[in-house]
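Naming: A, B, ... by sequence-line order, numbering from 1 per chain.
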Amino acid sequence: MDELDNQKLTLVARKPCFGLPTACPSCLPVYIYLRFAQVPFDLSFNLIHPDSDQIPYIESGAYVAYNNEKGGVLESLKEDGIIDLDSQLHAIPEWLSMKVMISTWLEEAIMYELWVCSDGSSAKKIYYSDLPWPIGNILYFKQIHAVKQLLGITKDNAERREEEIRRRATIAYGALSTRLGEQTFFFENRPSGVDALFLGHALFTLQALPDTSVLRSKLLEHSNLVQYAEKLKTEFMEAGSSSSSVPRFPAEPSSSTSRRGPSNWSSKAKSKPKREKTEEEKTFRRRAKYFLVTQLVAVLVFLSLLGVSGGDNEVDLDDEDDDYNY
Amino acid sequence: MALKENQEEPPISENPNGDEEGGEESQADGVGDFEDEDEDEAEEEDEEEEAGSEKSRLAEDGSKLESMFRRLASEKVKLRVHDVLIKGNTKTKDSLIEAELEAIKNATTMQELLKAAGIANHRFHSFGIFDSVGITLDCGPPELPGTVNVIVDVVETKNPLTGDLGIFTKPEARTWSLEGSLKLKNLFGYGDLWDGSLVYGWDQSSEISAGVSLPRFKGMVTPMLARVSLLSQDWLKFSSYKERSLGLNLGLISTKRHDLTYNLLWRTLTDPSQMSSRAVRRQLGHGLLSSLKYTFRIDNRNSVLRPTQGYAFISTSQIGGLVPDYRSLRFLRQEIDLRCAIPLGFYRTALNLGISGGVIFPWGNGALSMPSSLPERFFLGGNSSPVCTLGGPTTLLGFKSRGLGPTEPRRLIRDKSNGENSETSGRDVIGGDLAVTAFADLSFDLPLKLFRDAGIHGHVFACAGNLTKLTEKEFRKFSFQKFLDSFRSSAGFGIIVPTKLFRMEVNYCYILKQFEHDHGRTGVQFSFSAT
């Protein structure tokens, strides 16, 4: 890390929205990785190059690590000896397979949700809202075409491919949920590259995709994964702002565009507390119902023991569980 | 006699085989009643024919013509245009030709009529769609005295499709270019000229474009030009970026002194080398440029390639960001050129002095801390002659293309094999927001007659120039003294060889002052510009 002695790291990523520090699904894991490593860095935004495969990139003085070299930014950082959170994890066979599963199956699922099966409002907001309208639209349609080619989707096999992508995402979520269990991190109780990748994916799915998204609902079925995401977000991304300067958008003027940032940020911030409140409410209701049911059972058992005939007092708790999908 | 206006011939020509029905005489006298004079002259002619002498008839014609010229020179010969007839146009619309004849229709004297006819003929020729145009003035109907009929005879081009290949230099281009084009003339009969062209420029630029030019569009006097082009320019060697733009260019007003064009451009900057410096990295991406450019030009020098007398002044103003969309590129750009040629009297020696300056600044919210758009900035360097090049501050003899000004270090690639950091791989030239160049050039004929006849001449010159950044709050640190102190300069001498295809200069340049990271080279240099 010799070149970093004098210069601070700067991460150049796409714009923040949906309550995320950077809303692009390929930039968010890099941001989280840097937060996990507790390395101070500046965040800068590129608003005018949505079709670049160089972004996200990390620069420090004259050193630059682009995303389209050496397998990605995170791999470049490891290879150049700057940050490596996975130094002892290569030996664990599961580590590589989890990493590959997230980088392929889950990434494809996100691409599908963002570009193919939705109305494009999320994608347009993240990538094209700071480009003039005609350019933004042309690039958007170009990107849809490119994604369909990449995912191998044609008119004939569209349904089949959709099913395959969704099935793989389901399997991946199941495997990750099993692997995680009740732990805080996936491996050795400390943050690793796999955590950064999955947390980025999970936060994007939960916050940036619309409520009607199938992928989002599949993720919500695994409560431990959702709790994992919420917990790490609170711990690393909201509380720990002393270890890095995350500037309020717009940061350094990386392009001669957008001044509408602040209003975007605040409107997304408003919707975030609303959602949290709803989940808290649901948890409260669930717990309250459990409590009431337990009380009722206790009363009934007492009455039956006292000799009053109870008859069919069994309450089926399973039905109530079904009401609370989260 | 019918009085003919023809492009090749002098304004007034005599048709030796003209009608003998007194037409000549009626034009000659002009005043009063043509009918009476017709009768008189017809009698005279009958008498002469009876005399049967060709020579005396010619002498008679000559004296009549003389008296006509005398009258035209001394008095206003009043007449009225009765009718205008257009012949020969199968494809071209009448309205296009009639629009040029307004001045002719409104002429009240012979002198006005001849002048208007000359101008109209020149205009028709400039359309480029006629092989030849003849304007004939004939006497009006016998019952209406003092009237003239104007007959316009056009011969349309037989082959509407032409091809062209050549070396050109456009005003906005910085170097010369090889251009191949196909032109389609008068497709719809409105004098429309369609062309498609492929241009390859010396500065690694290539362009494919198609355009249309309408001489008269909805009553506007000047021609209207529209051009769609796809341009690709490679600046990887100098500034680590490649520029690609798809644009629409509309020429709204184009006269000798004024030029107004509108540009709508989708520009993309990329860096396939992945070596760019920070300043360039921040500008990579897409941008929309919507700008209006106004050029005011006065150039009364006696020659463009070797001016020995006169002066020139050009001011170009450009404003970008004319769409309500705040996300398009917003800037103000101003360039000024001043040239002056002073003849010194011996050996066709002339002293040419010139100064060019330019400034660019973004406007809009937060403009003071924003950088200017990289392709719109000023770059100095290159070997094109400052005497002939008019288009803002661009050249400084002795310095390579984009060879001076602010630079930034490129990306550093770590060499793992030797364990140490490798040398930085060069610097990117990032241009400046304020540029000034000045030169003094003394040109003279060479003693050998052979050289003089061929147009080969010599020159001694001195140039100076400077480039600095003003945006991103750098203007607060700007001081004139510092700017003057950091001027680069060069001097030298050379020979200029004009050929049919291009103009070649062989110069020996000596760099008087340059700074670290500039690319000035003392030595012999060649430069070419299109003639």
Do A/Asp51 and B/His286 touch side chain to side chain, with heavy atoms closer than 4.5 Å? yes
Output for pair (A/His49 NE2, B/Arg281 CZ), nearest 0.5 Å, gives 14.0 Å
Looking only at side chains, do A/Asn68 and B/Gln274 share a donor and an acceptor under 3.5 Å apart? yes
Determine whether more than 12 heavy atoms belonging to other residues, nucleotides or ligands lie under 6.0 Å from atom NZ of A/Lys148. no
Report the distance from atom CD of B/Gln283 to atom CG of A/Asn46, rounding to the nearest 0.5 Å. 10.5 Å
Which value, rounded to the nearest 0.5 Å, describes the distance between A/Ile135 atom CD1 and B/Arg267 atom CZ? 10.5 Å
Let me confirm one number: the CH2-CG distance from B/Trp266 to A/Leu139, rounded to the nearest 0.5 Å. 4.5 Å
Gap between atom OG of A/Ser52 and atom CG of B/Leu269 - 0.5 Å precision: 12.0 Å
For B/Arg327 and A/Ser129, indicate whether the former's side chain and the latter's backbone hold a donor-acceptor pair under 3.5 Å. yes
Taking CH2 in A/Trp133 as the centre, count heavy atoms belonging to other residues, nucleotides or ligands within less than 6.0 Å. Is the count above 12? no
In this structure, are over 12 heavy atoms from other groups packed under 6.0 Å from B/Arg244 atom CZ? no
